[in-house]
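What follows is a set of notes on a single structure, which appears directly below.
Hydrogens, waters and symmetry mates are skipped; everything else that's a heavy atom, side chains included, is used.
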Amino acid sequence: MARRLGAPLTAARPADGAVYADPTAAPAAPPLVPPADEDRPDGPLDTSAAAITAVALLKLAALPGAEDCARRAEAILHRLVCAHLSGTGTATTGTTADPGPARPAGMLLDGCHDAPTATAVQHELIWGDFFLALGLAVLTGDVDPRDV
C-alpha cells in the first residue's frame, strides 16, 4: 500500500469499472489534491485531505522501501503552498482569485468540510492549516514524523 500511495502520477484516475490493458497493472496514483467528492472529479478540491495525506506519506516514508512516499508528500506540499495559500497571488477560492492583502498570508484555502451537504466548501479549515504546518515541519526536519 505504501508503494501505491507514493507512486508517481502516471495518468488520470480511471473510471469506475475500467478495464486495464494489463490486468496486473495497478491503477494510477490519486491526484495531488483530490476532489472533495470522488463522484464529482470536476467539483471542488479538498486541500485539507491533501495535507493529511502528505503527513501520512511522510510517516510511511520512514519504512524500508517506501522512499517514494517522501517524494509524493513533498509534491503534495509544494502544490498546496504554491497554488492554494492566501498571499501567494495564485491561490483561488472557486473561480475568484485570492484577494491577496485582504486576507492574511498563509491561509490554506480550498478545503472542504462536507461536499454532499455543501457545508464549508472551498474554505480555510483549521485541520488543513494544522496538517500543512505539520507536513512542512516534518519536511524541513523540525519535527520527527515518528513523534506525532
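- The nearest pair of heavy atoms linking P41 to E38 is CD-O, 3.7 Å.
- Under the side chain to side chain contact (heavy atoms under 4.5 Å, CB included) criterion, A137 pairs with D142, V143, not counting sequence neighbours.
- Between R71 and L57 the shortest side-chain heavy-atom distance does not fall below 4.5 Å.
- For the ring pair (Phe, Tyr, Trp, His ring centres under 6.0 Å) test, no residue two or more places apart in sequence or in another chain qualifies with H78.
- Here the straight-line distance linking atom CZ of R79 with atom CG of L45 works out to 9.5 Å at 0.5 Å rounding.
- Residues R72 and P31 share a closest heavy-atom pair of NH2-O, 3.4 Å.
- With sequence neighbours excluded, no residue forms a side chain to side chain contact (heavy atoms under 4.5 Å, CB included) with A56.
- In this structure, D110 contributes its side chain and T47 its backbone to no donor-acceptor pair below 3.5 Å.
- Contact record, L80 with A50: CD2-CB, 4.0 Å, taken as the closest heavy-atom pair.
- Two residues are said to be in side-chain contact when any heavy atoms from C-beta on lie closer than 4.5 Å; V33 and I76 fail this criterion.
- By the side chain to side chain contact (heavy atoms under 4.5 Å, CB included) test, D147 pairs with D144, sequence neighbours left out.
- Between L132 and L85, some side-chain heavy-atom pair lies under the 4.5 Å cut-off.
- The side chain to side chain contact (heavy atoms under 4.5 Å, CB included) test applied to A61 returns C69, A70, not counting sequence neighbours.
- Between the side chain of S48 and the backbone N or O of W127 there is no donor-acceptor pair closer than 3.5 Å.
- Among pairs with a residue in residues 124-141, none fulfils salt bridge (charged side-chain N to carboxylate O under 4.0 Å, His left out), at least two apart in sequence or across chains.
- We find the OG1-CZ distance between T53 and F131 to be 10.0 Å, quoted to the nearest 0.5 Å.
- At a threshold of 4.5 Å between non-hydrogen side-chain atoms, the residues L77 and L58 count as touching.
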